[in-house]
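Worksheet for the structure shown next.
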Protein chains: 2
Amino acid sequence: MTTVSIKDVAALAGVSPGTVSNVLNRPEKVAGSTRDRVETAIRQLGFVRHGSASTLRAGHSRTVGLSVIDIGNPFFTDVAAGVEDLASERGYAVILGNSSGSPAKEERNLLVFAEQRVRGVLITPSGADPRRLAMLRERGIAVVLVDHPAERPDQCAVAVNDVAGGSLAVTHLLAGGADRIAYVSGPASIRQCQDRLRGAGRALAAAGRDPAELRELAMPAMTAAAGQQAALTLLAEDALPDALFCANDLLALGVLRGLLQAGVRVPADVSLIGYDDIDFASASAVSLSSIRQPTYQLGRAATELLLDECDNPATHAHQQVMFQPDLVVRESTR
Amino acid sequence: MTTVSIKDVAALAGVSPGTVSNVLNRPEKVAGSTRDRVETAIRQLGFVRHGSASTLRAGHSRTVGLSVIDIGNPFFTDVAAGVEDLASERGYAVILGNSSGSPAKEERNLLVFAEQRVRGVLITPSGADPRRLAMLRERGIAVVLVDHPAERPDQCAVAVNDVAGGSLAVTHLLAGGADRIAYVSGPASIRQCQDRLRGAGRALAAAGRDPAELRELAMPAMTAAAGQQAALTLLAEDALPDALFCANDLLALGVLRGLLQAGVRVPADVSLIGYDDIDFASASAVSLSSIRQPTYQLGRAATELLLDECDNPATHAHQQVMFQPDLVVRESTR
DNA sequence: CAGCCTGATTAAAACGTAACAATCACATCT
DNA sequence: AGATGTGATTGTTACGTTTTAATCAGGCTG
């Protein structure tokens, strides 16, 4: 009800408001004895700093905006966890925006971020809006792209090397004696699917095989249902591939289910590997080999770059960080 | 860089700052022609309102805080999606706090919320801190409990009826001819596990059976690994139950895997049902029957109550909303 | 035509904090 | 003793907006 301000604290501690502000922001500037007096006054009154007043006067806030494409996707959830953890450690609050794949919603989120005068924005852009982001930067809001290549050199970005991941997966399949390999993919518009495909091709080439041998089966969605559909398609053909690389784990789980129901043995008849290493990959009937991405680290690293750009604008060097994925071998591959 | 203020807009439109504020907040108060003039000036200058200044002067913000226990858990992710959607529709920003089960972290989040002067807080409390929440309310911050019973009558809360859910599950098992039923549960400290157990007991009683017949197996965690462990424990005993009710889907998926590996047929030998209906329930080798909770709706409803309390404090009536869960029948039960 | 009402606009005073220049107390040096 | 320096503290101003009371321009009534 009655909001207690810095003045009340000052009055109780027998000191000026400016001094209270100093113990809050630059404690080393104030003598030990008065600092103690002020701090007990703060505790006694239950004072908590008015963030908006602080932001207004100081010209910058202690919040960052996080805009993700789908908060329901474990990938983004893990990223968000990394962002939230580091931001919280550094005393920043995180404003969450979920674009749900809608450019309009994304734009609305960016507007909210601008109104809140966030210090910086972490975003996995979906709508094509390089202008929007430039606008934020003109307003002094730092921007870091997450799981998306930088659009200009003076910009930070973090991503995971999907080409390397595709290569890891197919190299592993080949090492297990795979001969005829198929790639079960998602929509062609998704960059990650394309990159993983290129990586798969490179692995074949490195083994002295023709990348064109790789059978590609592109599904309209990257869900378990789509994966099961893919399995049916493959089963209807003359000969089954002896190894399958799926563009994500949901597809792989669907494929797995479809194959097992048809009596195909995994991995005896068909080797199967997914991508993302979601929690449920290890919980399926035949635990799933997969490619793990350092998702949580991705979020942390992006936040680290963002806060560095905010707090040390003079020395900050823009970087494009590329993480490397890992192979996780479980039961589904030979 | 150069931040454009309400004054600049006023100057360009040939009007006073107060009028600009009016077209922003009470457009009906200003004549059509001047409104147009102001609006084009706003667009022309790319003006966006300074949220902090607004909050400072108006005494309240357009943000709400959301504190969850584990952002990695699909349950909370869905809740968060519901919260974010409605808040965004109403022009509110959501500040995310992830307590990761740590009371200290939770407390820190609440402090951040207080500093930001959020309008209200949505929280699934973990640390026992009724005092903390009372403190927020004293500061004029509304609080709604999510998936947790109200601690006092003058408080809003939303939850899902776990007793009914437990009852639904066991009634379904009994209808399928189950005789010897076991309940694979999580830590006894978790209210949800207890409530679901009570529901299971009631279903037995309603069928004229003794609730004490229900075998309970409490695992230390509610993960797939714990579920697999539970399966091993059951398999080591003289006789296997002919039906299993698991306190969540992760446990159920683990149990399923353990049983299949031991050659037990599901559902022919053992009926199996989980709880939560997570996405992966339908993707397992034998798709999982489960109890679905309206998770997204839970988040939306909680936000609805919160915003009503904020925007109509006079007419607002505190409510405890209880949602009802649904039975989802798939392949794992007879 | 005076008086009054109505609707539109404005001037001015806050809101709580940070920052900077100014002041002060006091010790040290010449 | 006087000058100088140092470290601690304070007074004041400005941040951008909302809000209230006051002003103003017209139209209507009697």
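Chain letters run A, B, ... following the sequence lines, proteins first, then strands; residues in each count from 1. Owing to the predicted nature of the structure, the values given are computational and were not obtained by experimental measurement. The figures here come from the full heavy-atom set of this structure, side chains too, leaving out hydrogens, waters and symmetry mates.
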- Message: Contact between B:Q293 and B:D162 at the side-chain level, heavy atoms closer than 4.5 Å - yes or no?
- Response: yes

Return all side-chain donor-acceptor pairs below 3.5 angstrom for residues 43-54 of chain A, not counting sequence neighbours, or 'none' if the list is empty.
residue	atom	partner	partner atom	Å
A:R49	NH1	A:N25	OD1	3.4
A:H50	ND1	A:S52	N	3.2
A:H50	ND1	A:A53	N	3.3

- Which residues in residues 12-42 of chain B have at least one heavy atom lying under 4.0 Å from any atom of DNA chain D? B:G18, B:S21, B:N25, B:R26

Determine the minimum heavy-atom distance between [X] and [Y], stating which atoms define it.
| X | Y | answer |
| --- | --- | --- |
| B:A87 | B:V94 | CB-CG2, 3.6 Å |
| A:A150 | A:L145 | CA-CD1, 3.9 Å |
| A:P149 | A:R191 | CD-NE, 3.8 Å |
| B:I71 | A:T77 | O-CG2, 2.7 Å |
| B:R137 | B:D154 | NH2-O, 2.8 Å |

- Task: List in chain and number order the residues that pass ring pair (Phe, Tyr, Trp, His ring centres under 6.0 Å) with B:H316, two or more places apart in sequence or in another chain; answer none if no residue qualifies.
- Result: B:H318

- Looking at residues at least two apart in the chain, or sitting in another chain, which of them share a ring pair (Phe, Tyr, Trp, His ring centres under 6.0 Å) with A:H148? none

- Query: Partners of B:R117 by salt bridge (charged side-chain N to carboxylate O under 4.0 Å, His left out), sequence neighbours excluded?
  - Reply: none

- Task: Could you check A:L133 against A:L110 for side-chain contact (heavy atoms from CB on, under 4.5 Å), going step by step and ending with a plain yes or no?
- Result: CA-CA 9 Å; A:L133 295 180; A:L110 293 183; 4.3 Å; yes

- Item | chain A contact limits on DNA chain D, taken 5' to 3' with a cut-off of 4.0 angstrom to heavy atoms | D:dA8 to D:dG16

- Message: Does either side chain, that of B:T63 or that of A:Q116, offer a donor lying less than 3.5 Å from an acceptor on the other one?
- Response: no

- Item | A:R62: side chain to side chain contact (heavy atoms under 4.5 Å, CB included) partners, not counting sequence neighbours | A:Y92

- Message: If the condition is side chain to side chain contact (heavy atoms under 4.5 Å, CB included), which residues does A:A134 pass it with, not counting sequence neighbours?
- Response: A:R152

Distance, rounded to the nearest Å, where [X] contributes [atom1] and [N] contributes [atom2]:
| X | N | atom1 | atom2 | result |
| --- | --- | --- | --- | --- |
| A:K7 | C:dC15 | NZ | C1' | 9 Å |
| A:L56 | C:dA19 | CG | C1' | 13 Å |
| B:R139 | C:dG16 | CZ | P | 13 Å |

Could I get a table of every N or O pair under 3.5 Å where one atom is in the protein and the other is in nucleotides 4-7 of chain C?
none

Dump every N/O contact between nucleotides 23-28 of chain C and the protein below 3.5 Å, one line per pair.
none

- Query: Could you give all pairs that pass the salt bridge (charged side-chain N to carboxylate O under 4.0 Å, His left out) test and reach residues 81-90 of chain A, with sequence neighbours left out?
  - Reply: A:E84-B:K105, A:D85-B:K105, A:E89-A:R300, A:R90-A:E304

- For B:R117 and C:dG16, is the shortest distance between a side-chain N/O and OP1 or OP2 below 4.0 Å? no

- Five-pair end axes of the helix from C:dC1-D:dG30 to C:dT30-D:dA1 and the angle they enclose, rounded to 10°: 50°

